[in-house]
Amino acid sequence: MLRIEPYIPGLYRFALALCRNATVAEDLTQETLVRALAAANPPKQDRAVKSWLFTVLANYWRDEGRSARNRLRQTASDGAWTAESVIDSGDGPDQRLIQNETRIAILSRMQNLPERQRQVLYLRAVEEFSIDEIATTLSLNRDAVKSSLSVARKTMRSWASQQDADGRTLGPICKDELKTE
Amino acid sequence: MNNYCCQKLDDFLDGDLAPDEQKRFDEAVAQCDSCQTAIAQQANLDAALKSAWREVAPPAGLNVTADEINLPAKPQPEHAQRALHVAQAAIATILAASLFIAISTMSRNSGDSGAGGAATSARLDAAPSVARHTDPLDAHPAVITFDQRSIGVVDESSDDSFTLVRVYSNINVADAANN
């Protein structure tokens, strides 16, 4: 039996990184699940299933994304993505609030990168895909992936340096993250 | 950016350095403050990005759909296997009977037409019709669908000789519970 449920959160987040709209991201994810279910020969191994599902979603966005993009233009305010809309910045311990502010800031900056750079950065940093897996998923050659990733990283590092200079360090959530890994 | 490590920084971050390149990179980066800073900053950023994205939860509806999708999607193999055998036997019988009738008719017509022999031609229906078969008494009924074409075999030496042969193709057996 094809087990795709564990990958749904990652697929939804990847869709969000692509289209920056919660409503369209939900549709993209839903369509990906339907296509996966209808596939004649899905892969068997877990890692292959994950990579394959992201490929299905990326292909759908590339091939059918025009209608979704038109819809985005027509309903710009319906489901429009903001980091604040997906991360709770409300009540909670002070430390948690600081962490969430940092999360919102870093997601907002990433979502302002060009689409290609968002795709490769998400797959590398969040899903920990290899360069070859990213190339396969996005139907790109290796050099194109490395080039986009390099620019995205430099932009993010430049932004982080500015944050540090302004006294808004990324420290707290990073330390937490490294402890749990 | 003239150091070896500065040139190879992205390859290092991508895990693309060969062992000898890695050794050279490690030696160079030990002397390069900017690369040390960039590597630490990138590790921090990657961890922060992962942490931030983990806070983004998919809508509840997607999880419900996942439960539905994880249900077995294919018919039970034993039911499908049994139904397929029944269908194959039935269709083989029909084909054999049709072929026998056609050959008998053509032979008879050929004999009637004398030493010159019979000229025959076949006409195929423009489009196949699709038939379905179900057995409601079966505890696990199967639905068998197949294309059904009729071929008319005409003896052109005779005005009134015409034999109808039915051909079945695209036989498909599915568990009725999934239809």
Side-chain angles (χ1 to χ4, degrees), chain A residues 1-6 8-13 16-17 22 25-26 29-30 33-34 36-38 83 86-88 99-100 102-107 110 121-122 124-128 130-131 145-147 149-150 153-154 156-157 159-161 164 169-171 173-178 180-181, chain B residues 1 5-18 21 25 29 32-77 80 172 174-175 178-179:
Chain A
M1 185 171 71
L2 181 62
R3 274 184 53 76
I4 55 179
E5 190 176 353
I8 291 176
L11 285 170
Y12 174 73
R13 290 167 194 147
L16 207 48
E26 189 174 346
T29 312
Q30 193 84 46
L33 300 180
V34 169
L37 181 66
V86 290
I87 292 183
D88 178 23
Q99 289 176 1
N100 279 356
T102 311
R103 289 185 175 105
I104 288 168
I106 195 168
L107 283 186
M110 178 182 163
L121 186 60
Y122 177 87
R124 181 73 182 139
V126 183
E127 299 296 338
E128 297 181 344
S130 68
I131 299 297
V145 172
K146 285 178 71 84
S147 169
L149 193 53
S150 175
R153 281 172 173 154
K154 278 179 188 146
M156 293 301 288
R157 287 204 299 271
W159 171 80
S161 295
D164 278 342
T169 176
L170 296 175
I173 58 171
C174 303
K175 282 175 188 163
D176 279 0
E177 190 64 39
L178 293 173
T180 59
E181 288 297 306
Chain B
M1 286 296 286
C5 57
C6 300
Q7 295 164 14
K8 293 286 183 179
L9 181 60
D10 284 313
D11 287 337
F12 166 76
L13 293 172
D14 295 338
D16 266 355
L17 292 178
E21 291 175 321
F25 179 86
V29 87
C32 180
D33 287 345
S34 70
C35 280
Q36 287 175 22
T37 303
I39 290 168
Q41 203 172 35
Q42 194 60 55
N44 250 5
L45 273 167
D46 287 353
L49 276 171
K50 197 186 293 182
S51 167
W53 276 107
R54 276 187 196 164
E55 293 292 312
V56 180
L62 281 175
N63 288 327
V64 172
T65 305
D67 292 341
E68 290 165 2
I69 284 173
N70 277 336
L71 290 172
K74 292 176 180 170
Q76 293 298 319
N172 221 330
D175 194 328
N178 290 332
N179 284 274

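Naming: A, B, ... by sequence-line order, numbering from 1 per chain.
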Okay, Met110(A) and chain B: the region with an atom under 4.5 Å from a heavy atom over there is side chain
For residues Val56(B) and Leu107(A), determine if any side-chain heavy atom of one lies less than 4.5 Å from a side-chain heavy atom of the other.
yes
Given heavy-atom pairs under 4.5 angstrom as the criterion, report whether the side chain, backbone, both or neither of Asp16(B) touches chain A.
side chain
Considering non-hydrogen atoms only, spot the tightest contact between Pro58(B) and Pro9(A) and give its length.
CG-CA, 3.8 Å
Let me know if Leu149(A) has heavy atoms under 4.5 Å from chain B in its side chain, its backbone, both or neither.
side chain
Quick check on the interface: out of Asp14(B), Asp10(B), Asp46(B), who has the most heavy-atom pairs with chain A under 4.5 Å?
Asp14(B)
Residue Ala17(A) versus chain B: region with a heavy atom under 4.5 Å:
both
Please look at Ser161(A) and chain B and tell me whether the side chain, the backbone, both or neither of the residue comes under 4.5 angstrom of a heavy atom of that chain.
both
Would you mind checking which part of Leu13(B) comes under 4.5 Å of any heavy atom in chain A, side chain (CB onward), backbone (N, CA, C, O), both or neither?
both
Euclidean distance, Lys50(B) NZ relative to Arg13(A) CZ, rounded to 0.5 Å
12.0 Å
So which of Lys146(A), Met156(A), Glu127(A) has the biggest tally of heavy-atom pairs under 4.5 Å with chain B?
Lys146(A)
Any idea which heavy atoms bring Ala38(B) and Arg157(A) closest together, and the distance?
O-CD, 3.6 Å
What is the distance from atom CG of Leu49(B) to atom CZ of Arg124(A), rounded to the nearest 0.5 Å?
13.0 Å
